[in-house]
Amino acid sequence: MDAKTLQALVLNPWVVLGSLAAGFLLGAQAPEVALKLGFVGDIYVDLMKMIVLPFMVSAVIFSLQRLFQEGGTARILGRVAVVFIAFAAVATVVGALTLLTMRPGADLSQETLATFGHIVGGDVGSNDTAMELNGVDPVHKGIGVVDVLVNLVPANIFAALASGDTLKSLVFAMLFGFAVGQVPARVSEGLTRSLDTIYQSCQTLTRWLNFPLPLVLLCMSAAQLAKTGVEPLVAMTQFVLAFVVASLIALGVALLVLWRRSADDFPTTLQALRGPFALALATRSSATCMPVMIESLADRLGFARSRVELLVPLSVSLLRIGPMLYYVCATLFIAQLYGRSLGVGEVVLVMAASVLAGFASAGMSGLVTISLTGMACGYLGLPFEAAFILFVAVDPLCDMLRTLVIVIGNTAAVSLICPRPLKI
């Protein structure tokens with residue numbers, strides 16, 4: 001079996017889903033063994049993160065340099081703004097309509113409410129519920145537009161690279177790329193070759209790391225279920241189901257856009273997305289999926305590589321449609337859980353706050369991403385802190401869906417911004 005055939009096998013969706021199912025079964029039946037396997041996933045994710053920043057910086061600088069040489073920069077940036085706003089709006093509308101239709105937090109059984117109360121350590125039927133972990137809850141300062149803008153600028157690019165701050169590294173790469181684009185080609189030729197070498201090497205490393213993917217998925221899913229147990233998953237079943245439905249709708253819209261923009265038929269389009277799909281589920285990190293997203297769009301679907309290499313890092317860092325969708329769903333679920341009836345204006349407010357929280361989540365992951373739900377809840381006076389532990393318990397599954405929506409959704413967004421590939 002050659003390397004190409006083996007890679008196609010390990011990225012097969014049925015192999016990916018089978019590995020996840022086997023991992024959950026192992027975590028439920030042998031939690032002690034599953035916990036010991038958690039280090040496999042940690043090592044794998046660290047290896048992927050090792051590649052991300054040098055790949056992103058080299059790709060963005062190299063692409064901007066070529067973009068300036070070819071012209072049309074202002075037109076492309078205008079399309080970026082329009083597409084980003086449209087995708088953010090679609091994500092929040094899908095989330096709001098799904099939660100308002102399914103109403104997972106309303107009319108819950110007394111048994112489920114009792115389980116919620118046991119998990120959060122209080123009565124979830126009261127708006128005065130508060131959860132104390134390690135003492136009195138700290139007062140959370142809201143994240144405003146000014147804070148987001150200040151956090152965009154890297155005071156020390158080496159510190160940003162060392163800490164893995166994707167957003168600040170992206171800002172540096174874009175500014176540096178704009179500057180390099182103004183330098184004569186005869187002067188910047190050496191830098192161009194160096195960046196191309198780094199870029200190609202990172203793509204090769206990414207392909208190598210695809211081979212152990214089924215084993216990594218099994219170990220990661222087993223360890224996650226062993227840590228959280230089954231009880232929180234059962235109690236939050238209705239919310240998770242609603243978020244799954246909202247995510248599937250968003251993914252369906254993204255796939256439709258990709259199919260219509262590409263020059264291929266629908267099965268070929270799905271085949272091209274195997275890599276991003278598998279890696280999103282495995283790593284739960286949209287940044288680590290950038291190399292395979294670029295490969296899918298440029299090599300498999302035929303979009304212009306110079307545009308794709310610039311737009312993929314930009315969209316992954318800024319267009320956080322997965323978290324936006326999640327914040328709408330989580331906020332409306334909490335409102336339903338506490339019996340809060342929302343009018344049209346309040347739902348629109350939740351959607352707008354979720355978009356802001358999504359942009360603020362750039363470069364964040366895990367529990368920090370969940371905590372930003374408090375931004376949307378804060379506008380309605382909802383006690384998010386009391387329900388925080390409920391969302392933490394089911395976050396491994398929700399995080400997979402958030403990452404998948406970001407990766408596939410942003411792939412579709414880039415396809416809308418780029419010129420359509422020519423049919424051969």
Student: Tell me if a side-chain donor or acceptor on R307 pairs with a main-chain N or O of I417 at a distance below 3.5 Å.
Tutor: no
Student: Could you walk me through whether F303 and R261 pass the side-chain contact (heavy atoms from CB on, under 4.5 Å) check?
Tutor: CA-CA 10 Å; F303 290 93; R261 290 292 296 175; 4.1 Å; yes
Student: Kindly indicate whether the side chain of L47, heavy atoms from C-beta on, has any atom under 4.5 Å from the side chain of M50.
Tutor: yes
Student: Can you tell me if F176 has over 12 outside heavy atoms packed within less than 6.0 Å of its CZ?
Tutor: no
Student: Is there a side-chain contact between L311 and N410, using heavy atoms and a 4.5 Å cut-off?
Tutor: no
Student: Once salt bridge (Lys or Arg N to Asp or Glu O under 4.0 Å) is applied, what residue pairs with a partner in residues 188-197 remain, sequence neighbours excluded?
Tutor: E189-R193
Student: For F266, check ring-ring contact (aromatic ring centres under 6.0 Å, His included) against everything at least two apart and list the hits.
Tutor: W259
Student: Considering all heavy atoms of both residues, which atom of V94 and which atom of A246 are nearest to each other, and what is their separation?
Tutor: CG1-O, 3.5 Å
Student: Got a second to check how far L332's CG is from Y327's OH, nearest 0.5 Å?
Tutor: 14.5 Å
Student: How close do V257 and A412 get, heavy atom to heavy atom, and via which atoms?
Tutor: CG1-O, 3.9 Å
Student: Before giving the answer on side-chain contact (heavy atoms from CB on, under 4.5 Å), spell out for L258 and L297 the whole-Å C-alpha distance, their side-chain angles and the decisive distance to 0.1 Å.
Tutor: CA-CA 10 Å; L258 270 167; L297 283 165; 4.1 Å; yes
Student: Are the side chain of R320 and the backbone N or O of V316 linked by a donor-acceptor pair below 3.5 Å?
Tutor: yes
Student: Taking all non-hydrogen atoms of both residues into account, name the closest pair between S315 and V414 and its distance.
Tutor: OG-CG2, 3.7 Å
Student: Taking atom CG of L248 and atom CZ of F243, what is their separation to the nearest 0.5 Å?
Tutor: 10.0 Å
Student: Mind checking side-chain hydrogen bond (donor to acceptor under 3.5 Å, both in side chains) for T288 and listing every partner two or more places apart, or none if nothing turns up?
Tutor: T283
Student: Mark yes when over 12 heavy atoms from residues, nucleotides or ligands other than E32 sit less than 6.0 Å from its CD; otherwise mark no.
Tutor: no
Student: Enter the distance from M220:CE to L217:CG here, rounded to the nearest 0.5 Å.
Tutor: 7.5 Å
Student: Excluding sequence neighbours, so at least two apart, what forms side chain to side chain contact (heavy atoms under 4.5 Å, CB included) with A250?
Tutor: L325, V405
Student: How far apart are the closest heavy atoms of A28 and P31, and which atoms are they?
Tutor: O-CD, 4.0 Å
Student: Do L37 and L26 have side-chain heavy atoms sitting under 4.5 Å apart?
Tutor: yes
Student: Where is the tightest heavy-atom contact between I321 and G409, given as atom of each residue plus distance?
Tutor: CD1-CA, 3.5 Å
Student: Distance check, rounded to the nearest 0.5 Å: S58 atom OG versus Q200 atom CD?
Tutor: 9.5 Å
Student: Can you check whether T98's main-chain N or O pairs, donor with acceptor, with T101's side chain at less than 3.5 Å?
Tutor: no
Student: For the CE atom of M351 and the CG atom of L97, what is their distance to the nearest 0.5 Å?
Tutor: 7.5 Å
Student: For the backbone of L416 and the side chain of R79, can you confirm whether one donor and one acceptor N or O come within less than 3.5 Å of each other?
Tutor: yes
Student: Please examine the side chains of T403 and S285, heavy atoms only from C-beta on, and report whether any two atoms are closer than 4.5 Å.
Tutor: no
Student: Does the Q336 side chain pair with the main chain of L99, one donor and one acceptor, at a distance under 3.5 Å?
Tutor: yes
Student: Tell me the closest heavy-atom pair linking P276 and A272, and the distance in Å.
Tutor: CD-O, 4.1 Å
Student: Would you check if T411 and S296 make a side-chain contact, meaning some heavy-atom pair closer than 4.5 Å?
Tutor: no
Student: Parallel, tilted or perpendicular, judged at 30° and 60°: which one describes the rings of F333 and F239?
Tutor: tilted
Student: Can you tell me how far CD1 of I61 sits from CG of L175, rounded to the nearest 0.5 angstrom?
Tutor: 10.0 Å
Student: Can you list the residues that meet the side chain to side chain contact (heavy atoms under 4.5 Å, CB included) rule with L25, with sequence neighbours excluded?
Tutor: Q29
Student: Less than 4.5 Å apart, side chain to side chain, heavy atoms only: is that true for L404 and M400?
Tutor: no
Student: Below 4.5 Å, heavy atoms only, C-beta onward: do P421 and L301 meet side chain to side chain?
Tutor: no
Student: Quick one: salt bridge (Lys or Arg N to Asp or Glu O under 4.0 Å) partners of R305, sequence neighbours excluded?
Tutor: D299, E309
Student: Carefully, step by step, assess L241 and M102 under the rule side-chain contact (heavy atoms from CB on, under 4.5 Å).
Tutor: CA-CA 9 Å; L241 180 60; M102 298 183 65; 4.2 Å; yes
Student: Can you check whether V292 reaches C289 side chain to side chain, under 4.5 Å on heavy atoms?
Tutor: yes
